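None of these values were measured; they are calculated from a predicted model. Naming convention: chains lettered A, B, ... in sequence-line order (proteins, then strands); numbering from 1 in each chain.
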Amino acid sequence: MTRRLLAVGAAVLVLAGCGGAAPAETDPSPARTLTVFAAASLTDVFTELETRFEADNPGVDVVLNYGASSDLAQQLVNGGPADVFAAASASTMATVTDAGLVEGTPVVFARNRLQIVTAPGNPEGIAGFADLARPDLQVVVCAPQVPCGAAVERIETATGITLTPVSEEPDVRSTLGRVTTGNADAGLVYVTDVGSVGDAVEGVDFPEAEQAVTDYPIGVLATAPQPELARAFADLVSGADGQAVLAGAGFVGAP
Amino acid sequence: MTAPVRTRDRHEAAVGLPRLLWVPAGLAFALIALPVVGLGLRTDWPRLPELLLSEAALDALRLSLLTASCSTVICIVLGGPLAVVLARGRLPGLQVLRSIVLLPLVLPPVVGGLALLYLVGRTGLVGQGLELAFGITVPFTTAAVVLAQTFVALPFLVVSLEGALRTSGQRYEAVAATLGASPALAFRRVTVPLVLPGLLSGAVLAFARCLGEFGATIAFAGSLQGTTRTLPLLVYLARESDVDAAVALSLLLVVVAVVVIAIARPRTVAS
């Protein structure tokens, strides 16, 4: 009998553990939590802004959830709890605004553009967008379904040059990974992604990138549990401090 | 062959089950079945034919069936003999060998894909040699998809066949030997027919695993329509832009999976 009770007790404990600890259990103080959903390309910038925001607002814990903008938008539409959403394209933000989940109108706080990424020293001598169509090169791009791939498509339409990539990756980081691991000769990623990996790759600017500049909108969610903090965070991002950090990471300022 | 099995089942059922088992058993069933129902509820049925007949979907289906078939054949040709060696071979360290063969079952597939990438990728040990000697690059090709699928599916065939070999024992082969059959003849005429059901169910399992392969493929082979973008990869990508298409394709994979299980099940029960 005792043994059976022990077994049941153990099972209950394991199940309780699987459920995950509620925030209230981990943090006994009545601190406020601000949940921010942000595009993966904002990782470095928002992590820095998180520190700043927490210093300015004692007792506030900023929880950041990074991911592909389209994934985050789907999570929000399906009831994911968040205060702020910062997307890497206007269309992914539109998914959330169309569902009536954003308070007011989202503000564009930064812009990003594509850059050619090659192995360090650019051994294949790639000078511009047209070179990417060379048949001897293994080129990777993002799939047209994601923002960085949609940008490639716009440049192809504008220039009339069609690329024949060896792979269309599901997100910008895996495109970059193909080049950093040496499996592709060149790829098209955001200029901020090139900056984030340092000397492992080399970035090559090309003028046609201006044809497909991506907007980054930020919005406070209508269902935000902390609407005031959410507005303050959005203000920090689009304000002078936020813009300085964004510029440092290679983003182009808000229009 | 199946008739005695059925009678035994009926006899065992007469013993009765502890009633308490029904609750967790029901929960377990619901956990598997309900998400599939959810998928059905979310499906845009009027648009279904259009979504499934898109060029991207047809390319992915064709590629999935082609690569899964190739991988299954390779699994049989290479995994079959490996199962025989594991079940009947007398070799020191066979136990260690068996554990290594099981590795893809336990590893996250994406880890398998990375491992393949660092072996046969352009900068990998074997990949560099292939490129220098033959000018061949493996990643981003259909062959890479087949390699990734074979890697993850091999243990399914090996384990299933090894089990069949162990349960069938070696008595008939011993008799064949006393009658003057060479090991090769006894293997061909006695062993193979005996374990054929086990081989078939193993092959169906391997085929199903190949069809569902995602992690190793995306990490190693990349994603390009008609070349490397199999159905699971297309589902993952479609999710980004067209949820209806992703759900429709998921439903297609569920249907294929049900067909595969329907083919494989009777044999699994019989063996």
With only heavy atoms counted, which part of [X] is less than 4.5 Å from chain A, the side chain, the backbone, both or neither?
{"X": "B:I218", "value": "both"}
{"X": "B:S223", "value": "both"}
{"X": "B:T137", "value": "side chain"}

[X], part contacting chain B, at a heavy-atom distance under 4.5 Å:
{"X": "A:V146", "value": "side chain"}
{"X": "A:T181", "value": "both"}
{"X": "A:Q145", "value": "both"}

Atom [atom1] of [X]: over 12 foreign heavy atoms under 6.0 Å:
{"X": "B:Y118", "atom1": "OH", "result": "no"}
{"X": "B:L21", "atom1": "CG", "result": "yes"}
{"X": "A:D136", "atom1": "CG", "result": "yes"}
{"X": "B:L125", "atom1": "CG", "result": "no"}

> What distance separates B:Q225 CD from A:E168 CD, expressed to the nearest 0.5 Å?
Replying inline: 8.0 Å

> Roughly how far apart are A:N183 CG and B:F220 CZ, rounded to 0.5 Å?
Replying inline: 8.5 Å

> Which heavy-atom pair separates B:L224 from A:P165 by the least distance, and what is that distance?
Replying inline: CD2-O, 3.4 Å

>> Looking at every non-hydrogen atom in both residues, tell me the closest pair between B:G222 and A:S167 and how far apart they are.
In response: CA-OG, 3.3 Å

